[in-house]
Enquirer: 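This is the structure I want to talk about, given as structure tokens.
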There are 2 protein chains.
Amino acid sequence: MSTKNKILDAAESLFADKGFNGTSLREITSLAEVNLAAVNYHFGSKKELIKAVMSRYMNELSPILETVLIALCQQEEKPTLNDVFSAFIDPLLSLNVFKENGTSNFLQLLGRGYTDSQGFLRWFLTTQYPGVISNFVTAVQKSYPELTPEDIFWRLHFTMGTVVFTMSSTDALTESDFDKKMDIAGVIRKVIPFVAAGVAAPIGD
Amino acid sequence: MSTKNKILDAAESLFADKGFNGTSLREITSLAEVNLAAVNYHFGSKKELIKAVMSRYMNELSPILETVLIALCQQEEKPTLNDVFSAFIDPLLSLNVFKENGTSNFLQLLGRGYTDSQGFLRWFLTTQYPGVISNFVTAVQKSYPELTPEDIFWRLHFTMGTVVFTMSSTDALTESDFDKKMDIAGVIRKVIPFVAAGVAAPIGD
DNA sequence: GTCTATAACTAGATAGAC
DNA sequence: GTCTATCTAGTTATAGAC
């Protein structure tokens, strides 16, 4: 395994666990068992390392997501909102094949990206991977045409918040707050009806 | 205005904006225009300062919230879920009277508390202010008795996520992503139907 | 490509004068 | 109660040997 990948793996799990600000390069290189200077050699800076960690997932996920969302838009019968949101399940769970704990790590990182470091990662994702978002919006529009673009914008933002927040604080939950342990697939199965119903809520402000 | 309060005010707005990890004591004391050593003199440590910032809000909010939730549980007719969630609007908005930008600051801080610093603040809040949570659960149970305790737990967690995440990333939103500016009351009016519909979603896992 | 050594800086916390 | 000065330990980043 290359030094570069050892760094990426170590950074990923530490970032997911303690946030970008909360993780030092020293912790990363010591977990990865490589030299401190290797981060700067391979990535140039901590900020570029953060981007690289996210890109590894986004490059894997975004073509799959775009494919299923486009298919959903092009099918003859109108998809329900539950269909649209359920379309995310398989691509997200496929990250667990791609990498151990891939699904929850990725969702946790996404959450960090929105709250840590004043949204620079958010900017990075929306500018680098705009196709996922636009196809998602189109799919929602097709299932619920009465929603105004503004309402779609807000409700997708709420959806993002629900999922991302849930995942970034779900480690503690699955361990302590409720005695029944739940895996990531179980949490996703619980959250899909919630967000689908939220987006489907009657309009009227 | 006392040094102690100057520190609390400065810390609050910096914490809300950049997170707990992302804010240094030097930034706080320089915004507050007090000496660096004053933080340690008045609060003992950064961690205690964080607790003090949150306590100022929770001590204001929790008795009001408990009162309205208990009233909702004791009224004769069964409240709708929309009633239950709407019960939060006035208490939350009253924080704007209590302090400028109080509502959004508080909700942002709450979001930080769940993601920064590995949940120590989360522990602090749930152990110090358990009454709010238990009354909330009771109110939801009364409006939707078919929900199992486990489903209530998860859906309230999702609700928390939706609200808290929305608020902790809402500054950027209200400015850039959608041309129509929206104040905090507007966001709350948008989010209530969303979470109410999510909690009210049909069961079946 | 990988290492050691270190520069340049920032963090939280404290001792002691006033 | 507030200040300056400083300690200790942490941070990112880099220069230069191998």
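Just so it is clear: chains get the letters A, B, ... in the order the sequence lines come, proteins before strands, and each one is counted from 1.
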Enquirer: Is the distance from OP1 or OP2 of C:dG12 to the nearest side-chain N or O of B:S45 less than 4.0 Å?
Expert: no
Enquirer: Look at the aromatic rings of B:F106 and B:Y57 and report parallel, tilted or perpendicular, splitting at 30° and 60°.
Expert: tilted
Enquirer: Using a cut-off of less than 4.0 Å, is there contact between a side-chain N or O of B:T3 and OP1 or OP2 of D:dT2?
Expert: yes
Enquirer: Between A:H157 and A:F153, how do the two ring planes meet: parallel, tilted or perpendicular, split at 30° and 60°?
Expert: parallel
Enquirer: Check whether the ring centres of A:F85 and A:F136 lie less than 6.0 Å apart, and answer yes or no.
Expert: yes
Enquirer: Residues from residues 23-39 of chain B sitting under 4.0 Å of DNA chain D, heavy atoms only?
Expert: B:N35, B:A37
Enquirer: Could you tell me how far apart B:N40 (CG) and C:dT14 (C1') are, to the nearest whole angstrom?
Expert: 8 Å
Enquirer: Using atom CD of B:E48 as one end and atom P of C:dA13 as the other, report the distance to the nearest whole Å.
Expert: 10 Å
Enquirer: Let me see the working for B:K99 and B:E60 under salt bridge (charged side-chain N to carboxylate O under 4.0 Å, His left out), right down to the final yes or no.
Expert: CA-CA 11 Å; B:K99 197 168 177 319; B:E60 171 77 14; over 6 Å; no
Enquirer: Using side-chain hydrogen bond (donor to acceptor under 3.5 Å, both in side chains), reason through A:N59 and A:Y129 one step at a time and then give a plain yes or no.
Expert: CA-CA 9 Å; A:N59 293 338; A:Y129 304 91; 2.8 Å; yes
Enquirer: Tell me: CE of B:M1 to P of D:dT2, nearest whole Å?
Expert: 14 Å
Enquirer: Please state how far atom CG in A:L14 lies from atom P in D:dT11, giving the value in whole angstrom units.
Expert: 12 Å
Enquirer: Could you tell me the separation between the NZ atom of A:K6 and the P atom of C:dG1, rounded to a whole number of Å?
Expert: 14 Å
Enquirer: State whether the side chain of B:K46 and the backbone N or O of B:F20 hold a donor-acceptor pair below 3.5 Å, judged by distance alone.
Expert: yes
Enquirer: Rounded to the nearest Å, what distance is computed from the CG atom of residue A:N21 to the C1' atom of nucleotide C:dT10?
Expert: 14 Å
Enquirer: In whole Å, I'd like the distance from the OH atom of A:Y41 to the P atom of D:dC18.
Expert: 18 Å
Enquirer: Rounded to the nearest angstrom, tell me the gap between atom CD1 in A:I7 and atom P in C:dG1.
Expert: 12 Å
